[in-house]
Amino acid sequence: MPALAVVASSLLFVPDAFANFITPKAGGSPNANSIHTLYVIVLIVAAIVFVAVEGALIVAVFRFRAKKHPVAHQTHGNTKLEIGWTAGAAVILLILTVVTFIKLPGIVNAPNSDADGLNLTASVSEPSPPNGKKLDVCVQARQYIWRYTYGTGCKNDTFVKKEPYSFTTMVVPVHTTVVLTIQSSDVIHSWWVPSLGGKVDAVPGYTTYTWFKATHIGFYHGQCAQLCGTNHAAMVAYVRVVSPQKYETWLGKQESEITAQSDQVQQLRKILTSENQLGN
């Protein structure tokens, strides 16, 4: 029991233990921040309504208990009260609707990259920031891993154009608008890195999009949010945010390593083919 009390008290007085316990994660990208703000507004309104309704119920149960009123008072109702709570509910819904539509553009529409972000050229792919400048990353989901291909040519002829790629961990520059083109090669998956925005499904035969703009350098953890098979729990996703200079250095190194390894594979294939070890 003393040990249990120590653990409980340590959790109670450590704020990080309950961080994002009720609200979604935020702080990594403007769209995630907008989702968090909207969630908190709706949560506060819902909490107020809950307290008011449950408070009225408790007062009614106590005030009109059977011991005090053995014979129930029969009444038709209160027209003014009924109109009042109906109008109140309509006003609450109207307020939430207005707030949602105010926040929605910040969730859906991609903003421009910051001045200290990666220097990009304009393109017309969906979605697009106002100036059209963004970093394109194609996300391909398959059981049970994520593959990321970097560059504007990632949507078509990926292997022919030999675009750089990575698995599981995505590397992106800070303060840069990153637009993700999401596809699946087998079953339905769901891309979700909570600190960088909402969930987006990867559906076979369809292409979906999302975006984020990391506000600071760091390492973000995500997870496939759609049950996709027996090893679903192992389909994690990571996003490593670095400075634009480090990103360009990493990208160049990645291209060189992929090219070198591809050349080694081609040489091995020639040797195995000449020795007739690959079959017909």
Side-chain angles (χ1 to χ4, degrees), residues 26-35 105-141 145-184 189-202 207-222 237-259:
S29 180
N31 52 345
N33 296 341
S34 295
I35 292 172
I107 298 172
V108 176
N109 300 329
N112 291 332
S113 299
D114 292 347
D116 57 349
L118 187 67
N119 187 19
L120 300 166
T121 57
S123 63
V124 294
S125 300
E126 295 287 344
S128 183
N131 63 6
K133 297 181 179 180
K134 63 188 184 301
L135 174 64
D136 287 299
V137 179
C138 290
V139 179
Q140 185 180 51
I145 197 169
W146 300 97
R147 183 182 191 271
Y148 315 112
T149 307
Y150 305 82
T152 55
C154 70
K155 301 179 185 66
N156 301 296
D157 301 325
T158 299
F159 295 101
V160 174
K161 295 181 180 179
K162 297 181 179 179
E163 298 282 0
Y165 60 88
S166 64
F167 289 94
T168 304
T169 301
M170 179 190 300
V171 180
V172 296
V174 70
H175 298 154
T176 302
T177 300
V178 180
V179 174
L180 305 181
T181 301
I182 303 174
Q183 297 174 322
S184 173
H189 301 275
S190 187
W191 166 264
W192 191 29
V193 180
S195 295
L196 298 177
K199 294 186 290 184
V200 179
D201 285 344
T207 300
T208 53
Y209 301 90
T210 189
W211 67 271
F212 65 86
K213 186 175 77 171
T215 55
H216 54 271
I217 292 172
F219 194 78
Y220 300 93
H221 178 272
Y238 302 109
V239 177
R240 181 159 61 94
V241 181
V242 298
S243 67
Q245 295 76 19
K246 287 186 177 181
Y247 170 77
E248 291 182 319
T249 300
W250 173 85
L251 195 64
K253 182 180 179 182
Q254 195 78 351
E255 289 177 327
S256 300
E257 290 180 352
I258 291 173
T259 300

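Fair warning: this is a prediction, and the values are worked out from it, not measured in the lab. One is the number of the first residue; the rest follow in order along the sequence.
Of the inter-residue distances, the one linking His189 atom NE2 with Ile145 atom CD1 reads 11.0 Å to the nearest 0.5 angstrom. To the nearest 0.5 Å, the span separating CD1 on Ile107 from CG on Asn31 amounts to 8.0 Å. The CG atom of Leu196 sits 12.5 Å away from the NE2 atom of His221 when rounded to the nearest 0.5 Å.
Ser29 places no side-chain N or O within donor-acceptor distance of the main-chain N or O of Ala32, the cut-off being under 3.5 Å. A donor-acceptor pair is defined here as one N or O able to donate and one able to accept, closer than 3.5 Å; such a pair exists between the side chain of Thr177 and the backbone of Pro111. Formation of a donor-acceptor pair under 3.5 Å by the Tyr150 side chain with backbone atoms of Val171 is found in this model. Using modelled atom types, no side-chain atom of Trp192 and backbone atom of Ala237 make a donor-acceptor pair closer than 3.5 Å. Within the 3.5 Å criterion, the main-chain N or O of Gly27 finds a donor-acceptor partner in the side chain of Thr215.
Aromatic pair Phe219/Tyr238: ring centres closer than 6.0 Å. If you look at Tyr209 and Trp191, their ring centroids are not closer than 6.0 Å.
Across every non-hydrogen atom of Tyr247 and Val242, the tightest pair is N-CG2, 3.6 Å. The two atoms that bring Phe167 and Tyr165 nearest to each other are CE1-CE1, 3.5 Å, heavy atoms only. The two residues Asp114 and Lys213 make their nearest non-hydrogen contact at OD1-NZ, 3.0 Å.
Screening Val179, Val172, Thr176 for a side-chain contact (heavy atoms from CB on, under 4.5 Å) involving Phe212 leaves a single residue, Val172.
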Quick one: do Glu163 and Thr149 satisfy side-chain hydrogen bond (donor to acceptor under 3.5 Å, both in side chains)? Show the steps, please.
CA-CA 6 Å; Glu163 298 282 0; Thr149 307; over 6 Å; no

Could you please spell out the steps behind the side chain to side chain contact (heavy atoms under 4.5 Å, CB included) verdict for Thr181 and Val139?
CA-CA 6 Å; Thr181 301; Val139 179; over 6 Å; no

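Taking the salt bridge (charged side-chain N to carboxylate O under 4.0 Å, His left out) definition, one finds that Asp201 meets it with nothing, sequence neighbours left out.
Taking the centre and axis of the six-membered ring of Tyr220, the NZ or CZ atom of Arg240 falls outside the cone set by 45° and 6.0 Å.
Looking only at side-chain heavy atoms (C-beta outward), Trp146 and Ser166 stay at 4.5 Å or farther from each other.
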